Asks: 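For reference, the structure I am asking about is given below.
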Amino acid sequence: MQITPENSYYPTTLKNTYPSLIAKGNLQFLSTKKLAIFGSIKCSGSLILQTHDLAQQLRQLDLTIISGFHSPIEQECLKVIIRGKMPII
């Protein structure tokens with residue numbers, strides 16, 4: 001689907017950059033707040049606990065989480081997040 005700046009889903013930060021975008025999937029995600037999660041394969045125990053606590057807090061917020069969910073800490077975040085209600089990309 002092609003969307004232009006007049007479309008309500010067109011990201012406001014791109015309105016002066018691109019005359020149109022090609023999108024596939026749920027366009028609702030374009031208009032939500034997003035947060036990307038990237039994690040290292042090696043993390044200290046205290047950092048893992050802090051990240052777990054953060055994931056529990058994030059799942060209560062109205063935002064979209066973006067990640068590859070490849071590293072162990074990202075996978076743990078995914079387990080916590082899917083217990084919540086937020087969309088995952």
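Here the structure is a predicted model, which means the values were calculated and not measured.
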Asks: Please name the pair of heavy atoms, one in Met1 and one in Leu27, separated by the smallest distance, quoted to 0.1 Å.
Replies: SD-CD1, 3.0 Å

Asks: Got a sec: does the NE2 of His70 have more than 12 other heavy atoms crowding it under 6.0 Å?
Replies: no

Asks: Going by heavy atoms in the side chains, are Pro19 and Thr4 under 4.5 Å from each other?
Replies: no

Asks: Which distance, rounded to the nearest 0.5 Å, do you find between the CZ of Arg59 and the CD1 of Ile65?
Replies: 12.0 Å

Asks: For atom CD1 of Ile41, is the number of surrounding heavy atoms from other residues, nucleotides or ligands below 6.0 Å larger than 12?
Replies: no

Asks: Rounded to the nearest 0.5 Å, how far does CG of Leu49 lie from OG of Ser44?
Replies: 8.5 Å

Asks: Any side-chain heavy atom of Ile73 within less than 4.5 Å of one from Phe69?
Replies: no

Asks: Could you tell me if the side chain of Leu35 sits less than 4.5 Å from the side chain of Leu61, heavy atoms only?
Replies: no

Asks: To the nearest 0.5 Å, what is the distance between CD1 (Ile48) and CG (Asp53)?
Replies: 12.0 Å

Asks: If you look at every heavy atom in Thr17 and Thr13, which pair is closest and at what distance?
Replies: OG1-O, 4.2 Å

Asks: So do Tyr9 and Phe29 actually touch side chain to side chain, heavy atoms under 4.5 Å?
Replies: no

Asks: Start with the C-alpha gap between Cys77 and Thr51, add the side-chain angles, then the distance that decides, and say whether side chain to side chain contact (heavy atoms under 4.5 Å, CB included) holds.
Replies: CA-CA 8 Å; Cys77 285; Thr51 305; 3.5 Å; yes

Asks: With a 3.5 Å distance limit and no angle check, can you tell me whether Thr64 reaches the backbone of Lys34 through a side-chain donor-acceptor pair?
Replies: no

Asks: Mind checking the OG-CD spacing from Ser8 to Gln28? Nearest 0.5 Å is all I need.
Replies: 10.5 Å

Asks: Identify whether Leu63 and Leu54 are in the same connected component of the hydrophobic contact network (ILVMFWY, side-chain heavy atoms under 4.5 Å).
Replies: yes

Asks: To the nearest 0.5 Å, what is the distance between CD (Glu6) and NZ (Lys15)?
Replies: 8.0 Å

Asks: Rounded at 0.5 Å granularity, tell me how far OG in Ser71 sits from NZ in Lys42.
Replies: 13.5 Å

Asks: Show, in sequence, the C-alpha distance, side-chain angles and deciding distance for Leu21 and Leu14, and conclude whether the side chain to side chain contact (heavy atoms under 4.5 Å, CB included) test is met.
Replies: CA-CA 10 Å; Leu21 299 172; Leu14 300 178; 4.0 Å; yes

Asks: When clusters are formed by joining ILVMFWY residues with side-chain heavy atoms under 4.5 Å apart, either directly or through shared neighbours, do Val80 and Leu47 land in the same one?
Replies: no

Asks: Output, in order, the C-alpha distance, side-chain angles, deciding distance and verdict of side chain to side chain contact (heavy atoms under 4.5 Å, CB included) for Asp62 and Thr32.
Replies: CA-CA 8 Å; Asp62 186 25; Thr32 63; 5.7 Å; no

Asks: What are the two closest heavy atoms between Ile37 and Glu74, and how far apart are they?
Replies: O-OE2, 3.6 Å

